[in-house]
Protein chains: 2
Amino acid sequence: MSQQRPGGQSGQPGAVPALPDLPEATVARLPEYLRALHNLAETGHDTVSSEGLAAAAGVNSAKLRKDLSHLGSYGTRGVGYDVALLIEQIEYVLGLTQRRAVALVGVGNLGHALAGYAGFATRGFRIAALFDADPSRVGEQISGLVVRHIEDLAEIAAAESIAIGVIATPAAAAQSVADQLVAAGVTSILNFAPCVLSVPEGVDVRKVDLAIELQILSFHEHRKASLTSLPATGPTGGLTALPGGLSATGTEEAVGT
Amino acid sequence: MSQQRPGGQSGQPGAVPALPDLPEATVARLPEYLRALHNLAETGHDTVSSEGLAAAAGVNSAKLRKDLSHLGSYGTRGVGYDVALLIEQIEYVLGLTQRRAVALVGVGNLGHALAGYAGFATRGFRIAALFDADPSRVGEQISGLVVRHIEDLAEIAAAESIAIGVIATPAAAAQSVADQLVAAGVTSILNFAPCVLSVPEGVDVRKVDLAIELQILSFHEHRKASLTSLPATGPTGGLTALPGGLSATGTEEAVGT
DNA sequence: AACTGTGAATGGATTCACAGCA
DNA sequence: TGCTGTGAATCCATTCACAGTT
């Protein structure tokens with residue numbers, strides 16, 4: 001449990017090291033832990049064991065402990081983790097101690113829904129501005145915000161200190177929008193358009209493609225169907241008919257990314 | 001390998017070759033390759049090199065070749081891959097030779113958007129029915145479909161051969177909806193509600209949590225900011241606003257990964 | 001000459017199993 | 001005793017580099 005921190009070892013109790021560089025897989029799970037912790041806090045739990053939190057987050061406990069150990073986080077042996085403290089630590093690491101301003105570009109079908117999505121507001125973000133390229137949409141009011149023309153992006157992004165952009169435009173427009181976001185100083189992009197974006201070094205892009213998620217499920221449907229109708233191994237290549245071949249999506253683990 | 005084409009044959013399972021069991025990471029990338037291939041086909045390309053396809057899909061060429069080799073797919077050395085053939089192979093493996101019926105539960109903000117999302121229709125899926133638990137929403141017409149009460153789910157799922165369900169309800173309702181989907185014979189679930197679902201073995205769940213995606217980006221923002229400025233600070237219980245908010249100005253020069 | 005397919009090497013992530021602390 | 005934190009072992013994924021094919 002002894003953790004080293006780069007630069008200074010003041011024995012400040014409860015202090016968190018600067019920013020440990022976490023494995024990406026860990027980073028991707030921290031938000032899920034955070035959500036589970038908030039649930040626990042609301043239901044009156046002050047402490048929680050790794051087993052309990054792992055169950056609430058849909059992972060196994062060894063993974064959870066390893067993830068938290070990367071934070072340098074302290075649980076108490078024999079007891080568990082302090083819920084409130086762990087929430088603080090994770091929120092700090094994720095940079096959620098400030099409410100981050102987000103620009104949303106594209107107020108079509110999906111954009112409308114995102115603009116109204118309460119989950120953003122309740123989990124650390126503030127949609128600070130809406131943009132669209134279609135003049136007939138500019139001026140429209142959505143969830144208390146007026147849609148601005150994309151040309152105003154740079155100006156507003158600077159004024160509102162916007163560092164995160166969400167692209168909810170058609171694929172054809174996405175690269176151009178990304179370029180404009182980057183030019184306006186945005187360094188993180190969440191892209192809902194079904195296309196690859198190219199951005200300069202130092203800009204992070206995450207992609208959410210709804211159809212791709214369904215296609216992955218479709219693969220598993222296809223495989224399940226082919227397994228039930230072809231109990232024995234298929235032709236070609238000496239397949240292993242091992243029962244362990246299934247990707248177990250049991251009652252405890254139901255999530256993947 | 002004697003991989004036959006899906007072609008106009010019926011979806012009779014006995015007639016098709018067994019599916020190779022692909023690494024999950026490969027499965028998750030195949031839809032992206034497929035999208036890139038469709039783009040290439042539309043722009044008149046008959047063949048494509050691993051280098052070219054990799055660029056279009058946003059991966060490196062070694063990974064792409066390894067992925068495709070798992071399919072048993074044949075490119076031609078010295079030439080590349082046949083675009084049309086590769087599309088067929090990937091669509092076959094992903095189970096997209098049939099248009100799969102999908103049930104969408106929850107027609108709130110997000111549900112509305114999903115119901116109208118053209119990408120589902122153009123990429124292998126048919127939204128066959130909409131459901132909601134709120135009686136005031138039942139009967140409403142969205143994108144040509146009438147919203148049904150969730151109680152009718154089992155009946156309609158059977159009639160429409162629905163094996164895939166999408167949950168776009170609030171978190172509080174999601175587990176109950178998942179149970180009902182499973183009871184209705186659904187074996188794959190795409191969950192947009194921010195919660196962990198528990199489902200029986202054999203049911204696949206994928207989760208999309210929009211706030212989590214932003215929180216992951218937030219982490220990277222935080223890290224970028226901490227690299228360019230402050231050394232070490234942390235919350236010691238009382239939240240002190242972090243020094244140096246964020247200089248949103250430019251600065252796309254900085255870190256690597 | 002150009003490109004694929006793949007064994008081998010590397011690097012990450014997950015899991016195991018237990019030492020050590022409350 | 002009950003639980004965390006962590007080295008060691010294992011598993012999976014990525015990358016390298018080149019043999020082999022057209």
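Below, chains carry the letters A, B, ... as their sequence lines are ordered, and counting in each starts from 1.
- A donor-acceptor contact under 3.5 angstrom links the side chains of B:E221 and A:S188, judged on distance only.
- A:R35 and A:H38 share no donor-acceptor pair across their side chains, judged by distance under 3.5 Å alone.
- Rounded to a whole Å, the CG atom of B:L71 is 15 Å from the C1' atom of C:dT6.
- Rounded to whole Å, atom P of D:dG5 lies 12 Å from atom NZ of A:K66.
- Nearest to the side-chain atoms of B:K63 among the listed nucleotides D:dA13, D:dT14, D:dT4 stands D:dT14.
- Of the candidate nucleotides C:dC3, D:dA13, C:dT15, C:dC3 has the atom nearest to the side chain of B:S49.
- Along DNA chain C, the nucleotide nearest to A:G78 and the one nearest to A:P23 differ in position, and the one closer to the 5' end is contacted by A:P23.
- Remark on DNA chain C: of its neighbouring residues A:V79 and A:T26, the 5'-side contact belongs to A:T26, judged by nearest-heavy-atom nucleotide.
- Following rounding to the nearest Å, B:D21 (CG) and D:dA13 (P) show an atom-to-atom distance of 11 Å.
- In this structure, a donor-acceptor pair under 3.5 Å is present between the side chains of B:T26 and B:D67.
- Atom pair A:H70:NE2 and C:dT15:C1' shows a separation of 13 Å (rounding to whole Å applied).
- Listed nucleotides: D:dT22, D:dT4, D:dC16. Nearest to the side chain of B:T76: D:dT22.
- In the model, A:Q98 has no side-chain atom that pairs as donor or acceptor with a side-chain atom of B:H222 under 3.5 Å.
- Relative to the side chain of A:R65, the nucleotides D:dT14, D:dT6, C:dT6 differ in distance, and D:dT6 lies closest.
- A donor and an acceptor atom sit less than 3.5 Å apart, one in the side chain of B:R77 and one in the base of C:dT4.
- Formation of a donor-acceptor pair under 3.5 Å by the B:E32 side chain with backbone atoms of A:I212 is not found in this model.
- Summarising the geometry, the separation between CD on A:E24 and P on D:dA13 is reported as 17 Å, rounded to the nearest angstrom.
- Atom P of nucleotide C:dT15 and atom CD of A:E51 are separated by 13 Å, given to the nearest angstrom.
- Look at B:Y81 and you won't find any side-chain N or O under 4.0 angstrom from OP1 or OP2 of C:dA2.
- Atom pair B:D67:CG and D:dC12:P shows a separation of 16 Å (rounding to whole Å applied).
- Computed from coordinates, the B:L64 CG to C:dT6 P distance equals 14 Å when rounded to whole Å.
- Dashed line: the shortest gap from a side-chain N or O of B:N60 to OP1 or OP2 of D:dT14 is not under 4.0 Å.
- OP1 and OP2 of C:dC3 both lie 4.0 Å or more from every side-chain N or O belonging to B:S50.
- Dashed line: the shortest gap from a side-chain N or O of B:Y74 to OP1 or OP2 of D:dT22 is not under 4.0 Å.
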